[in-house]
Number of protein chains: 2
Amino acid sequence: MARILVEPSLGEAAAVLREAVGRGDTVVLIAECSVEYEGRGASRLGDGERIIIVKQDGAFLVHRPVGHSPANWQPNTTSIVVEEAGGGIVITATRVKPSREIVRVRVTRVLALYAGRLRDTAEFIMYLDEHEIRDILYENPGLIEPGLRLVEKEKELGEAGYADLYGFDAEGRPVIVEIKRVTAGKEAVHQLLRYIDAYARRYGVRPRGIIVAPALSAQALEAAKRLGLEYKRIDMQRLWRMKKERERRGGRSLLDYLGGDV
Amino acid sequence: MARILVEPSLGEAAAVLREAVGRGDTVVLIAECSVEYEGRGASRLGDGERIIIVKQDGAFLVHRPVGHSPANWQPNTTSIVVEEAGGGIVITATRVKPSREIVRVRVTRVLALYAGRLRDTAEFIMYLDEHEIRDILYENPGLIEPGLRLVEKEKELGEAGYADLYGFDAEGRPVIVEIKRVTAGKEAVHQLLRYIDAYARRYGVRPRGIIVAPALSAQALEAAKRLGLEYKRIDMQRLWRMKKERERRGGRSLLDYLGGDV
DNA sequence: ATTTCAATGTCGCCT
DNA sequence: AGGCGACGTTGAAAT
């Protein structure tokens, strides 16, 4: 059964907190606290009013009243210990695995507390990540260039890594494609260059290299030009609309909707 | 004044929620909901019990009862709109800035609601980030190599970027150092290579290149060897101890305490 | 278990 | 405002 406390005493809050954590329930605290972290790095955060969350799998979060990301956290906590010490509640979340890391929260006042088991079994579905974009382009090479024939996804190129797409253009020259779903920077250019070089070393032919992205930074464009690499702009919104259209109409090819270029 | 509601009606919750959001207060909802997102990507999440947070700067989070990261979120929301529709509350968090993005939550049942203004003005201090490590190494070049003399931090190398450290070894040869505070991969090797090449082009001398990191992946080590680059392992724990020694802050670290009590 | 790469990455710094 | 690189990045997939 869920428990909700409004401005409880620290002792009361500690008791409910300890029991809930022991049962593996979700706990949400609105509380004044300070936080220390030591592990890969180290941090200190003085007193303030925050949202503290202990999840059912031991995930631990301290959120300040502003900002998207937590001030401190612990992803897969091996142990969460609740103690009363020095007129406050001390919550210690310890993780050992990749490296030993500790988050310690000292709670000095509790404004509100929720403790209970949340039921959430729904499936989370994500659309149009890079993987899906690659698949769409692989099946519709005309979106990149007329006459392009793609023969491989994730082409292995030794220590250089894996090229997103590989194929041959209308004139039979090998083509390597690097896809970015957001504005590409120069690291994308250098990544593509590594693939090109690895390919050239292995096959003795320098392939064309094409960066496919919704945009390319000025410096990256400059670098690409200088290095003989190409850039093909792709409209993600349009790709998204085409995907939805295709799903709605029941599995027709994107090529059916190709008026001109993308 | 803070408001806390326990299993309120949807109308009651909506009213409080709307008012709190309008005032720019923090709102924490424990509620059954479904979530849709469309923007750079798109996602769907069916009904389940979750923690919904609206922060004072408009940051918006939907947390499932497990996992460290939010299922859906909105970092810097331009607008948050609360509506009652179809027997539920619809919260729409819209952002326009980098690209138009919408998160829409349909709340079907509210288990608990907190709304209030949280006061948190404390400073967050982060220790041992890459910047600080660079400074420590700059002042203690012997940690990298005996006889090393460092002359510049963040050495500008044109379009290649900025090398972390630059100096000369005991024999007077130029040295470029790339620092990674976690295990370095091959992108670190290639990054260093870019600096080396840029330096060689500009000064007509090929400098030594040293990757300083707590570890180097096998492939990266292979690549470094082949490319004539060097690797110097650095013990982050030791650096941390040196830093504390240097600052003479007094008081032992959390890890020391934990090491003792286990 | 390690390595690699994408991410609705976010965040901060700097131009 | 845009580019760039770090992050206690996290997370997932592949080796």
Side-chain angles (χ1 to χ4, degrees), chain A residues 35-43 59 67-76 95 97-103 124 126-134 154 156 159-164 178-188 190-191 215-223 236 240, chain B residues 35-43 59-60 62 67-76 93 95 97-103 124 126-134 154 156 159-162 164 178-188 191 215-222 236 240:
Chain A
V35 191
E36 298 171 44
Y37 156 73
E38 277 191 33
R40 284 163 292 182
S43 71
H68 150 272
S69 46
N72 287 97
W73 70 94
Q74 199 70 282
N76 238 0
R95 163 166 88 151
K97 251 207 311 201
S99 59
R100 184 172 185 79
E101 308 205 77
I102 296 169
V103 174
F124 181 83
M126 183 73 209
Y127 303 100
L128 262 199
D129 50 8
E130 208 230 27
H131 200 273
E132 190 166 11
I133 292 167
R134 183 189 343 107
E154 291 293 295
E156 182 270 330
E159 67 171 14
Y162 295 82
D164 289 328
E178 170 69 17
I179 302 166
K180 290 293 167 195
R181 57 182 309 295
V182 292
T183 301
K186 61 182 170 190
E187 74 294 341
H190 288 281
Q191 193 175 353
L216 196 63
S217 76
Q219 280 198 40
L221 184 59
E222 182 65 27
M236 286 297 158
W240 173 241
Chain B
V35 192
E36 299 171 40
Y37 155 72
E38 274 192 35
R40 287 163 289 184
S43 71
F60 185 74
V62 180
H68 150 271
S69 46
N72 289 97
W73 70 91
Q74 198 70 282
N76 240 359
R95 162 165 90 151
K97 251 203 314 194
S99 58
R100 182 170 187 79
E101 308 205 78
I102 298 173
V103 174
F124 182 83
M126 185 72 210
Y127 301 101
L128 266 200
D129 53 6
E130 209 228 26
H131 199 272
E132 190 169 12
I133 290 168
R134 183 193 339 109
E154 291 292 295
E156 182 271 327
E159 64 170 15
Y162 294 82
D164 289 326
E178 169 70 18
I179 301 166
K180 290 293 168 195
R181 56 182 308 294
V182 293
T183 303
K186 58 185 168 192
E187 77 295 339
Q191 194 175 353
L216 196 64
S217 75
Q219 281 198 39
L221 185 59
E222 181 65 27
M236 288 296 158
W240 176 237

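Below, read A as the first sequence line, B as the second, and so on, with proteins coming before strands; counting in each chain starts at 1. What you see below is based on every heavy atom in this structure, not just the backbone, and it leaves out hydrogens, waters and symmetry mates.
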Gap between atoms NZ and C1', on A:K97 and C:dA1 respectively (whole Å) | 10 Å
Just to confirm, is there a sub-4.0 Å distance from OP1 or OP2 of D:dC4 to any side-chain nitrogen or oxygen of A:Q219?
-> yes
Could you tell me whether a side-chain N or O of A:K186 sits under 3.5 Å from a main-chain N or O of B:E159, the two making a donor and an acceptor?
-> yes
Of the listed nucleotides D:dA6, D:dC4, D:dG11, the one nearest the side chain of B:Q191 | D:dA6
Considering only side-chain heavy atoms of A:P75, which listed nucleotide, D:dT10, C:dT4, D:dT9, is closest?
-> D:dT10
Tell me what A:E130 touches on the nucleic acid: a base, only sugar-phosphate, or nothing, going by heavy atoms under 4.0 Å.
-> sugar-phosphate
P-based separation of D:dG11 from C:dC11 [nearest Å] | 16 Å
With a 4.5 Å limit on heavy-atom distance, are the side chains of A:R134 and A:E154 in contact?
-> yes
So, does B:R181 use its side chain to make a donor-acceptor pair with the main chain of B:L128 at under 3.5 Å?
-> yes
B:K180 and B:L216: side-chain contact (heavy atoms from CB on, under 4.5 Å), yes or no, with the steps?
-> CA-CA 9 Å; B:K180 290 293 168 195; B:L216 196 64; over 6 Å; no
Whole-Å gap separating P (C:dT8) and CZ (B:F60) | 17 Å
Over how many whole Å does the gap from A:H131 atom NE2 to D:dA13 atom P extend?
-> 9 Å
What does B:N72 touch in the nucleic acid at a heavy-atom separation under 4.0 angstrom: a base, only the sugar-phosphate, or nothing?
-> base
Would you mind reading off the distance between A:I133 atom CD1 and C:dA7 atom C1', rounded to a whole angstrom?
-> 12 Å
Evaluate salt bridge (Lys or Arg N to Asp or Glu O under 4.0 Å) for A:R95 paired with A:E101, printing each intermediate quantity in order.
-> CA-CA 5 Å; A:R95 163 166 88 151; A:E101 308 205 77; 2.7 Å; yes
Determine: side-chain N/O of B:R181 to OP1/OP2 of D:dT9, distance under 4.0 Å, yes or no.
-> yes
Nearest listed nucleotide, side chain of B:S217, among C:dT8, C:dT4, D:dA6 | C:dT4
Tell me what A:G161 touches on the nucleic acid: a base, only sugar-phosphate, or nothing, going by heavy atoms under 4.0 Å.
-> sugar-phosphate
Return the 5'-most residue of the pair B:Y37, A:A160 with respect to DNA chain C, ranking by each residue's nearest nucleotide.
-> A:A160
Can you tell me how far P of C:dT3 sits from CD of A:E156, to the nearest Å?
-> 18 Å
Select base, sugar-phosphate, or nothing to describe what B:G41 touches, counting heavy atoms under 4.0 Å on all strands.
-> sugar-phosphate
In whole angstroms, how far is the P atom of C:dA7 from the NZ atom of A:K180?
-> 8 Å
Could you pick out which residue, B:A71 or B:E187, lies toward the 5' side of DNA chain C when each is mapped onto its nearest nucleotide?
-> B:E187
Which nucleotide in the set C:dT10, C:dA7, D:dA6 lies at the smallest distance from any side-chain heavy atom of B:R95?
-> C:dT10
Rounding to a whole Å, what distance do you find between A:E101:CD and D:dG8:C1'?
-> 5 Å
Using the P atoms only, state how far C:dC5 lies from D:dG8, rounded to an integer number of Å.
-> 22 Å
Nearest nucleotide by nearest heavy atom, which residue falls closer to the 5' end of DNA chain D, B:Y162 or B:S69?
-> B:Y162
More than 12 heavy atoms of other residues, nucleotides or ligands under 6.0 Å from OH of B:Y162: is that the case?
-> no
Could you tell me the separation between the CZ atom of B:R40 and the P atom of C:dT8, rounded to a whole number of Å?
-> 8 Å
Contact nearer the 5' end of DNA chain D, comparing A:W73 with B:G67 = A:W73
Please determine if a side-chain N or O atom of B:S43 lies less than 4.0 Å away from the OP1 or OP2 oxygen of C:dT8.
-> no
How would you label the contact of B:A218 with the nucleic acid (heavy atoms, under 4.0 Å): base, sugar-phosphate, or nothing?
-> sugar-phosphate
